[in-house]
Amino acid sequence: MRIVLFCENKYAVDILHPIQKEADKEGGNEVLWYVHQLKIPSFPLAKEVRWTHSIQEVYDFSPEAIFVPGNIVPYYLPGVKIQVFHGYAAEKKGHWIIRHYFDTYFTQGPFFTEGFKKLAQKYGNFEVLETGWSRQDWVKEHLHAFDAEKEKMLKETGRKQMVLYAPTFSPSLTSLPVMKEALVELVEKRDVLVVIKLHPLTRKEWVDEYKALAEVHPCIVFKEDFSVAKYQLMADVMISDTSSTIYEFLLKNKPVITYRASAPKIYWKDIADPALLCDAFDEVLHDEENARLRQWVIDNYDPYMDGKVAHRMLEGARDYIRRHGVPRKRSTNLWRKYTSIKTFGWVKRK
């Protein structure tokens, strides 16, 4: 099968990489990455995989399946166009908007499957298959890969537990302006090491502010790694606000504390005052109700921690092609066509 991994944004790299690895493991597949030149000027897998900045090259490759974690893919490209999602933030309206670029949606778990099947019945022009989220394959593979690094960091600082602070970048939603003193109080009053991992789009003044904070507090560490996933595996508790990383952390069956999270239903501990952070930390470590809510998220948002999500995705693509053939393009309205061409340009057709 000829496969395109459609990587428009940086976050897509970690989501799509397990599909590449599974395709290589199977053998008999050709894989090409499309990498958006402006949004990803430095592609971290450049020396490992076949890739291009050119939509024309993608078209000439004549893909049979295109896996897309974003919201848009050129309608004129051949291949079954598959939405594989870029997170679990169901409270965001954009998560449920049907933009008519996709032939099928590969959902993360029962909660999302139910919602998208209702939309499939309404519109009648796409399918839904529950596969799990591909990045969970990486999580399964690396569950204990960073244990030694964590133990080393805790030993060096003389602390017992690691707390990850991973806020959103959005100025209207982020906790960054109010959380500094609370984090200092947490490391002074509790036996913890705080690791700060900010979103790549965070304002520079906030980045500089928290870097400076880490420089004067030995039990606060600032990390500039490409991905937050590693530190989610290492941390015992996460502090955030309104970020899709909340759900990724809950799925590891670990407690989360947020500051004024914008969500219709809260499955974690939310506080309205940063001064309550220490008390909230004590509560989430042992609270049975918090544990019960986490388990609900695991069961309904994404229960697939078997390391076989990418395998199910490839099988799902092949099954779609067996039943429908390879689509030459996606039928959509004039506005969607215009948006597609404006975003990615046009191609010379064969």
For the student: nearest non-hydrogen atoms of [X] and [Y], plus distance:
{"X": "Asn71", "Y": "Phe102", "result": "O-CE1, 3.6 Å"}
{"X": "Gln83", "Y": "Val68", "result": "OE1-O, 3.0 Å"}
{"X": "Leu251", "Y": "Asp302", "result": "CD2-O, 3.5 Å"}
{"X": "Tyr76", "Y": "Tyr59", "result": "O-CE1, 3.8 Å"}
{"X": "Phe67", "Y": "Leu16", "result": "O-CD2, 3.8 Å"}
{"X": "Thr157", "Y": "Pro218", "result": "CG2-O, 3.7 Å"}

Starting at [atom1] of [X], measure out to [atom2] of [Y] and round the result to the nearest 0.5 Å.
{"X": "Glu48", "Y": "Gln20", "atom1": "CD", "atom2": "CD", "answer": "9.0 Å"}
{"X": "Asp241", "Y": "Thr174", "atom1": "CG", "atom2": "OG1", "answer": "4.5 Å"}
{"X": "Ile72", "Y": "Glu8", "atom1": "CD1", "atom2": "CD", "answer": "7.0 Å"}
{"X": "Lys160", "Y": "Met162", "atom1": "NZ", "atom2": "CE", "answer": "16.0 Å"}
{"X": "Lys81", "Y": "Tyr101", "atom1": "NZ", "atom2": "OH", "answer": "12.0 Å"}
{"X": "Glu185", "Y": "Arg190", "atom1": "CD", "atom2": "CZ", "answer": "7.5 Å"}

N/O donor-acceptor pair under 3.5 Å between [X] side chain and [Y] backbone:
{"X": "Asp270", "Y": "Ala261", "answer": "yes"}
{"X": "Asn300", "Y": "Trp296", "answer": "yes"}
{"X": "Ser340", "Y": "Arg336", "answer": "no"}
{"X": "Ser134", "Y": "Ile15", "answer": "yes"}
{"X": "His36", "Y": "Leu38", "answer": "yes"}
{"X": "Lys211", "Y": "Phe222", "answer": "no"}
{"X": "Arg260", "Y": "Ala272", "answer": "yes"}
{"X": "Ser240", "Y": "Ala166", "answer": "yes"}
{"X": "Asn29", "Y": "Met1", "answer": "yes"}
{"X": "Asp137", "Y": "Pro18", "answer": "no"}

task = Go through the steps to decide whether Phe249 and Trp268 satisfy the test side chain to side chain contact (heavy atoms under 4.5 Å, CB included), and finish with yes or no.
result = CA-CA 11 Å; Phe249 202 79; Trp268 53 88; over 6 Å; no
ask   = Step by step, would you call Phe281 with Gln161 a side chain to side chain contact (heavy atoms under 4.5 Å, CB included)?
value = CA-CA 11 Å; Phe281 176 80; Gln161 292 176 302; 3.5 Å; yes
Common cluster, [X]/[Y], ILVMFWY with side-chain heavy-atom separation under 4.5 Å:
{"X": "Val80", "Y": "Ile55", "value": "yes"}
{"X": "Val256", "Y": "Val195", "value": "yes"}
{"X": "Ile298", "Y": "Leu233", "value": "yes"}

Side chains of [X] and [Y] only: does a donor on one sit below 3.5 Å from an acceptor on the other?
{"X": "Asn125", "Y": "His100", "answer": "yes"}
{"X": "Thr242", "Y": "Ser262", "answer": "no"}
{"X": "Thr168", "Y": "Ser170", "answer": "no"}

Using a 6.0 Å cut-off, check whether atom [atom1] of [X] has over 12 heavy atoms from anything other than its own residue.
{"X": "Lys140", "atom1": "NZ", "answer": "no"}
{"X": "Glu156", "atom1": "CD", "answer": "yes"}
{"X": "Gln56", "atom1": "CD", "answer": "yes"}
{"X": "Lys189", "atom1": "NZ", "answer": "no"}
{"X": "Leu201", "atom1": "CG", "answer": "yes"}
{"X": "Lys254", "atom1": "NZ", "answer": "yes"}

When you compare the side chain of [Y] with that of [X], does any pair of heavy atoms fall below 4.5 Å?
{"X": "Gln232", "Y": "Leu164", "value": "yes"}
{"X": "Leu45", "Y": "Trp51", "value": "no"}
{"X": "Arg322", "Y": "Asp319", "value": "yes"}
{"X": "Val58", "Y": "Leu32", "value": "yes"}
{"X": "Val31", "Y": "Ile3", "value": "yes"}
{"X": "Tyr231", "Y": "Asp225", "value": "yes"}
{"X": "Phe85", "Y": "Phe106", "value": "no"}
{"X": "Leu198", "Y": "Leu176", "value": "yes"}

ask   = Of the options Tyr301, Phe116, Tyr267, Tyr88, which is the one that meets Phe111 in a ring-ring contact (aromatic ring centres under 6.0 Å, His included)?
value =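 Only match with Phe111 under ring-ring contact (aromatic ring centres under 6.0 Å, His included): Tyr301.
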Does [X] come within less than 4.0 Å of [Y], counting only side-chain N to carboxylate O?
{"X": "Arg312", "Y": "Glu315", "result": "no"}
{"X": "Glu114", "Y": "Lys117", "result": "no"}
{"X": "Arg330", "Y": "Asp103", "result": "yes"}
{"X": "Arg159", "Y": "Asp236", "result": "no"}
{"X": "Glu248", "Y": "Lys252", "result": "no"}

task = Answer yes or no for Arg203 and Trp206: cation-pi contact, defined as NZ/CZ to six-membered ring centre under 6.0 Å and angle to ring axis within 45°.
result =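 Positive - Arg203 is close enough to the ring of Trp206 and near enough to its axis.
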Using 30° and 60° as the class limits, which term best fits the ring planes of [X] and [Y]: parallel, tilted or perpendicular?
{"X": "Phe126", "Y": "Tyr105", "answer": "tilted"}
{"X": "His142", "Y": "Phe146", "answer": "parallel"}
{"X": "Phe112", "Y": "His95", "answer": "tilted"}

Pair Thr52-Ser54, side chain to side chain donor-acceptor pair (under 3.5 Å): steps then yes or no = CA-CA 5 Å; Thr52 181; Ser54 168; 4.5 Å; no
query = Taking the six-membered ring for Trp, are Phe6 and Phe344 ring centroids under 6.0 Å apart?
reply =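 Between Phe344 and Phe6, which both carry aromatic rings, the centre distance is below 6.0 Å.
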Glu22 vs Met313, side chain to side chain contact (heavy atoms under 4.5 Å, CB included): CA-CA, chis, key distance, verdict = CA-CA 10 Å; Glu22 182 63 23; Met313 287 183 167; over 6 Å; no
request  = Please lay out, stage by stage, how Tyr75 and Lys337 fare under the test side chain to side chain contact (heavy atoms under 4.5 Å, CB included).
outcome  = CA-CA 7 Å; Tyr75 73 94; Lys337 288 180 179 179; 3.6 Å; yes
